[in-house]
Amino acid sequence: MNKTVAVAAKFSVKKILFSCMSMACALFISAAAHAQVVEGCSPAVLDAMQKKAQARVAYDVAVTEQVVVKPDSVLAMTCFGKAAGVSAERGGNLFSGSFFGNTNFASVITDALSAFFSQFADAEGFDTPGVVDYAATNLEDDADCPGIENLWERIKEKGVAGGVPYLTMAELIAGAAPGGSGARFTANWDTANADGIFQQLNDAIAALPVAAIPVFNNNMTFCQVLQAAGATCP
């Protein structure tokens, strides 16, 4: 019985020692492989690719902002100031009288509308005068509200959105604001240009290694052509 226990103990010690040695070898091999320099993409080429992608994203953002505008405020389209005014005047007269004389009531409506409408400066109806009246924040006893109709007519007449120029790679590198661009496109473009995105692309392209092109002529033999190209003539 004692011999059996001794053999089992020796086997366990050997097993543990072998496992530890295996783990140490695995870690050593992994560390050695990680320390080796892996040849791949040139850092200058990678940097140029990343700068180009960043410039393209800036261009795409400018295009999207020009084409897809912010939806208009439902309160502005439905003339909330007028609706509140009609309720304050005509509804109030059904009971104790008009609410127009209540300055607290009027200030709550007008101040809230002014603060809310200021968040829609990029909306279609805001950009086009006379479509949606974002300045109508005062209480009015007027039920006329053509906001939705005007916006619908504007969308029908607008058709395909313009102001979106197509840029070549040279124009993207130059960073100059393209001609014929819309106001929102230009605003986003100028912001990206001020952040140095296009200048960084220009610098990255200029830092790319220039390939050495061998000089060939018609009088060269086949071996001379191979040697000029850096190959060994057989």
Inset, instruction - Decide whether Thr137 and Thr110 meet the rule of one side-chain donor and one side-chain acceptor closer than 3.5 Å. - result: no
Side chain to side chain, [X] and [Y], heavy atoms closer than 4.5 Å:
X	Y	answer
Leu226	Phe222	yes
Asn150	Arg154	no
Met77	Leu151	yes

Indicate yes or no for a side-chain donor-acceptor contact from [X] to the backbone of [Y] under 3.5 Å, with no hydrogens or angles considered.
X	Y	result
Asp111	Ser114	no
Asp142	Asp144	yes
Asp141	Glu89	no
Glu171	Thr168	yes
Gln224	Thr221	yes
Gln66	Val164	no

Inset, instruction - Indicate the ring-plane relationship of Phe120 and Tyr134, choosing parallel, tilted or perpendicular according to the 30° and 60° boundaries. - result: parallel
Legend entry - Test side chain to side chain contact (heavy atoms under 4.5 Å, CB included) applied to Phe185 and Tyr59, step by step: CA-CA 8 Å; Phe185 182 98; Tyr59 169 74; 3.8 Å; yes
Legend entry - Verdict with supporting geometry, Phe80 and Leu113, side chain to side chain contact (heavy atoms under 4.5 Å, CB included): CA-CA 8 Å; Phe80 187 81; Leu113 286 180; 3.7 Å; yes
Legend entry - Test side chain to side chain contact (heavy atoms under 4.5 Å, CB included) applied to Trp189 and Leu167, Val63, Val61, the passing residue: Leu167
